[in-house]
Amino acid sequence: MVEAKEAEQFDFKVMQEKWLPVWEEIAPFTARDDPNDTRPRSYVLDMFSYPSGDLHMGHAEAFALGDVVARYRFQQGHNVLHPIAWDSFGLPAENAAIARDENPATWTYQNIDTQAESFKRYAISFDWTRRFNTSDPEYYRWTQALFLQFYERGLAYRKASSVNWCPSCQTVLANEQVVAGECERCGATVTKRELTQWYFKITDYAQRLLDDMAELQGRWPERVLTMQRNWIGRSEGAFVDFAIEGRAEPVRVFTTRPDTLYGATFFVIAADSPLARELVSPDQLSAFEKYLDEVRRATDIERLSADRPKTGVPLGRFAVNPLTGEQIPIWAADYVLADYGTGAIMAVPAHDQRDLDFAKAFNLPVRKVVETGEDDPAITFVATTGDGVLVNSDALNGLSKDQAITKAIELLEAAGRGEKTINYRLRDWLLSRQRYWGAPIPIIHCAVCGEVPVPEVDLPVRLPELKGDQLKPKGISPLAGATEWVNVKCPKCGAAAKRDTDTMDTFVDSSWYYFRYCSPHDASQAFDPAQVRRWMPVAQYVGGVEHAILHLLYSRFFTKVLFDIGLLEFNEPFTALMNQGQVILNGAAMSKSKGNMVDLGQQIDEFGVDAVRLTMVFAGPAEDDIDWADVSPAGSKKFLARVWRLALDVQNAGTHAAAQTGADGDAAALELRKATHRTIHDATSALDSFRFNVMIARLMELTNATRKAIDGPLGSSHPAVREAVENLAIMLSLVAPYTAEDMWARLGHQPTVALAGWPVADATLIAEDSVTCVVQIAGKVRARLEVPLEITQDALEKLALADPAVQAALGGKPPSRAVIKPPKLVNLVP
RNA sequence: GCCCUUGUAGCCCAAUUGGUAGAGGCAGCGGACUUAAAAUCCGUCGAGUGUGGGUUCGAGCCCCACCGAGGGCACCA
């Protein structure tokens, strides 16, 4: 007998150290741009990383899941583009730089190096040749070039408006970055300021953003589509022009209920709109000013609270109903929003609760024009909004709501006093920021020429080297203090001029990074359209749902603009989207302030990369949150050790007892082979439907079956055992690459198992020749029969009725009804 | 307040889409190994699917109501 070597132990640290350099050497995940490469192309994209520090548990989950998708496609023989880059502009770097008296680049690029090393150790199948950072001048040069393309097409413009201001970040914010009245980033209460700012004209694309969701249906999570739909907020209605006494131009309102025009008893203008100031009569001026002051002081949070009493002030002017000639008083109020519709409304208190609340507060008349059969709103103070018959409405009387809407629009259009229209809740994207660490807006302001784009040859407009206190937020951009940088000659006329001192929202950077991956080193253009055509659109995008109406909406907008420019042949950048959940602890989001952080590095040190990845994937459906208290990385590690020992046994087969032969061994071998191929089949279909946790469960099953076979009749040298273990290694490689690679080597193969090729199940080994048929009496299982797959209905019924247990249950009487579903089920009703 | 999703062993989760409720894991229990413990290995217990109705030969799955959880929207005219 051969002396058994001391048994090798599963040691993830040894494996990590052994295989990482090997993979670095062979770089198996480099995408090939070669147009003659005939493999199918797959672009698998993870939302790129913000370099806030080292990777954390959230990264570990998102990238583990994305990596399963990418590695699966590698195994399927695709030419996979699976890149990574860094979204490296942004506020945290700037704040760190102020605290550390540095330039933000120092902190940023240190963190990027740290994250890159961690990604490598975490064994994500990235193409490392394509990395870049949005804060590199080689990148933001093209961010600026794209901005100028938008500018030239009238899609980037400046306007003065009341904007969201974050007093903590000391900068303006886009609407998308204000969540329930608070800054999306820091949580401070957002206030309003009147400022001139840069915007992207995303509203021009509202309808297309809505329409093109049809092709995302079923491939994007439904809730993301719903959120975008709500955000865009399309509503159909009409513009109605109200003449104003003493003003040449009428004032236009938007309404979804032109049918209720006869019920308009007053008129309301947003208090903070310029129109209110214009229309206020001299004797109401001081009351108006006082009110406007109050409104300005109110935060959005106060404004948004639903049960807040209505406030307002009369302007001492009157508007004229275009259909009736009736004069109605004009009020200023803050329940009408300056930047939705036209900032003015006709108030129909009988059929709109907000108007009714206002009418009640100021004792204004309520006139019912739709008889819905409900109680009179003038008495109940409950507005009626349903369908009914029009009353008190002259030409509309007797019509239904829909008929009246159509008719009212006809009347208005005939009179030249209005028209049918569609209004959107979506506002233009405010893109300028009063901060340093972003892409400078490549515009020069000249007293003579006005806004002048920086000529393409002068791009990039590089950030001047500022640091520490120079970056302190002052309400204007720190760039304004960089005098040498700011003062330039006008590119057009040569006169003294100044650079625009704002930088772009970092969401501009991330709106096109996925194009850059297709030709990351192109020095002559933002991206090479030919390469983009080959790789895009993205086959699978993976990232968090928190970007549902930020990054994802902006990226869709960018793609449509670039399509219109003629650079693309598709309208939607991301064919399919998967939202992973969050990693939480004890039911709550991890946060430093709560002190419930789980440290990724510590988890990896304790359990190994593979066990952490496996835990992430096995915890449940990909889109569900993972409560780290509910899962067991130790259990994952135990499983990995179990699988790994299978390969160890096969490797050491020579020192073990030879496989048994004979009938027992043959039957056991066939059983194991069936289990192997059943697993291949089931794991494949689980993967195809993104049920990664189920795939793992199947691998565990096969692991258990293989262990039994080795310890039982087959031993470790039987070909059926080798087949099982080899397939386990390949399938496991999607989730536990180190363990799988080590197994693969022990089975006598060269690296890398990641490209071994996805196995195909042998159909003949999956097909069962018999199946257990359940016989129910009145729905209760009374017998089980082993029957051939192809059994006929008649034969099955006879067989079932002949069963003694069935006969006993039926008491000898024939069933009144028999439901026969061959081959699996018989249900007899006595 | 409105809309969407969801509820299966103590816990995390499966269930071929209307046909035997259980695949996998965690925890528990028993055993093996150990001087002992940990680790490891083997074995094992475990719910009738949130509640109440309905459709059906048959419901975890479909319909209605209610309860709980999560999410979105919330003065958008």
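In what follows, every chain begins at residue 1, and chains take the letters A, B, ... in the order their sequences are listed. The structure displayed is predicted, hence computed values, not measured ones.
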If we call it a pair only when both distances are under 3.5 Å in a Watson-Crick or G-U wobble match, what pairs with B:C41? B:G31
Atom pairs under 3.5 Å: protein N/O with N/O of nucleotides 39-46 of chain B:
unit_1: B:U40; atom_1: O3'; unit_2: A:R645; atom_2: NH2; d: 3.4
unit_1: B:C41; atom_1: OP1; unit_2: A:R645; atom_2: NH2; d: 3.0
unit_1: B:C42; atom_1: OP1; unit_2: A:R642; atom_2: NH1; d: 3.1
unit_1: B:C42; atom_1: OP2; unit_2: A:R642; atom_2: NH1; d: 3.2

Rounded distance in Å between the P positions of B:G24 and B:A14: 15 Å
Among B:C57, B:A14, B:G24, which is the nearest nucleotide to the side chain of A:F618? B:G24
How close or far is atom P of B:A77 from atom CZ of A:F266, stated in whole angstroms? 17 Å
Apply ring-ring contact (aromatic ring centres under 6.0 Å, His included) to A:F239 and list each qualifying residue two or more places apart in sequence or on a separate chain. none
Determine the Euclidean distance between corresponding C1' atoms of B:C45 and B:G30; express it in Å to zero decimal places. 10 Å
Can you tell me, in whole Å, how much space there is between the P of B:G25 and that of B:G18? 29 Å
What does A:N693 touch in the nucleic acid at a heavy-atom separation under 4.0 angstrom: a base, only the sugar-phosphate, or nothing? sugar-phosphate
Using the C1' atom as the point on both nucleotides, what is the distance between B:C61 and B:G48, in whole Å? 14 Å
Are the side chains of A:I791 and A:L799 in contact, using a 4.5 Å heavy-atom criterion? yes
Using a heavy-atom cut-off of 4.0 Å across all strands, would you classify A:S235 as base, sugar-phosphate, or nothing? sugar-phosphate
A:L825 CG - B:A59 C1' separation (whole Å): 13 Å
Would you verify whether the NZ or CZ of A:K310 falls within 45 degrees of the ring axis of A:Y335 while also being under 6.0 Å from that six-membered ring's centre? yes
For B:C66, which nucleotide is its Watson-Crick or G-U wobble mate, given both distances must be under 3.5 Å? B:G50
Between A:W231 and A:T772, whichever has its closest RNA chain B nucleotide further toward 5' is A:T772
When both hydrogen-bonding distances must be under 3.5 Å and the geometry is Watson-Crick or G-U wobble, what is B:C61 paired with, if anything? none
In whole angstrom, give me the gap between the P atoms of B:C33 and B:A23. 31 Å
So which nucleotide from B:G19, B:A23, B:C75 ends up closest to the side chain of A:A697? B:A23
Measuring from the side chain of A:V819 (C-beta onward, heavy atoms only), which nucleotide among B:G72, B:A23, B:G19 has the closest atom? B:G19
Kindly indicate whether the side chain of A:L728, heavy atoms from C-beta on, has any atom under 4.5 Å from the side chain of A:L646. yes
Please report the closest heavy-atom contact between A:A761 and A:I680, naming both atoms and the distance. N-CG2, 3.6 Å
Using only side-chain N and O atoms of A:Y335, determine if any of them is under 4.0 Å from OP1 or OP2 of B:A77. no
Of all the nucleotides listed (B:U16, B:A77, B:C57), which has the minimum atom distance to the side chain of A:K824? B:U16
What distance, rounded to whole Å, do you find between the two P atoms, one in B:G19 and one in B:C62? 11 Å
Testing B:A14, B:G19, B:A77 for proximity to the side chain of A:I345, the answer is B:A77
Does any nucleotide pair with B:U17 by Watson-Crick or G-U wobble geometry, both distances under 3.5 Å, and what is it? none
Is any side-chain heavy atom of A:V545 closer than 4.5 Å to a side-chain heavy atom of A:P221? no
Nucleotide nearest A:M700 when distance is taken to its side chain, options B:G24, B:A77, B:G19: B:G24
Test salt bridge (charged side-chain N to carboxylate O under 4.0 Å, His left out) applied to A:K368 and A:E374, step by step: CA-CA 11 Å; A:K368 178 164 71 178; A:E374 292 158 276; over 6 Å; no
If the sugar-phosphate is the primed atoms plus P, OP1 and OP2 and the base is the rest, what is the B/S/- string for nucleotides 3-11 of chain B, using protein heavy atoms under 4.0 Å? --------S
Just the rounded figure in Å: distance from C1' of B:A77 to CD1 of A:I328. 14 Å
Any heavy-atom pair between the side chains of A:V583 and A:M616 that's under 4.5 Å? yes
Picking from B:A15, B:C26, B:A23, the nucleotide nearest the side-chain atoms of A:R691 would be B:A15
Rounding to an integer number of angstrom, what distance separates B:A15 and B:G60 when you compare their C1' atoms? 9 Å
Residues A:D259 and A:R257 bridged, charged N to O under 4.0 Å: yes
Atom NE2 of A:H547 and atom P of B:G72 are separated, to the nearest Å, by 14 Å
Have a look at B:U17 and give me syn or anti from its glycosidic angle (syn if within 90° of zero). syn
May I have the distance from A:R613 (atom CZ) to B:G25 (atom C1'), rounded to whole angstrom? 19 Å
Answer yes or no: does atom CD of A:Q603 have more than 12 heavy-atom neighbours from other residues, nucleotides or ligands under 6.0 Å? yes
Check A:E671 with A:K674, please: is the shortest side-chain N to carboxylate O separation under 4.0 Å? no
Given atom CG of A:L640 and atom P of B:C26, what is their separation to the nearest angstrom? 12 Å
Counter-base of B:C2, judged by Watson-Crick or G-U geometry with both distances under 3.5 Å: B:G72
Per the glycosidic torsion and the 90° limit around 0, nucleotide B:G7 is anti
Rounded distance in Å - CD (A:E176) to P (B:G72): 16 Å
Spacing between A:M227 atom CE and B:C2 atom P, to the nearest angstrom: 21 Å
Atom CZ of A:R219: over 12 foreign heavy atoms under 6.0 Å: no
With ring centroids as reference points, do A:F266 and A:F362 lie under 6.0 angstrom apart? no
Both A:G341 and A:N827 contact RNA chain B. Taking the nearest nucleotide for each, which residue is further toward the 5' end? A:N827
Pick the P atom in B:G7 and in B:C13, then give their distance to the nearest Å. 10 Å
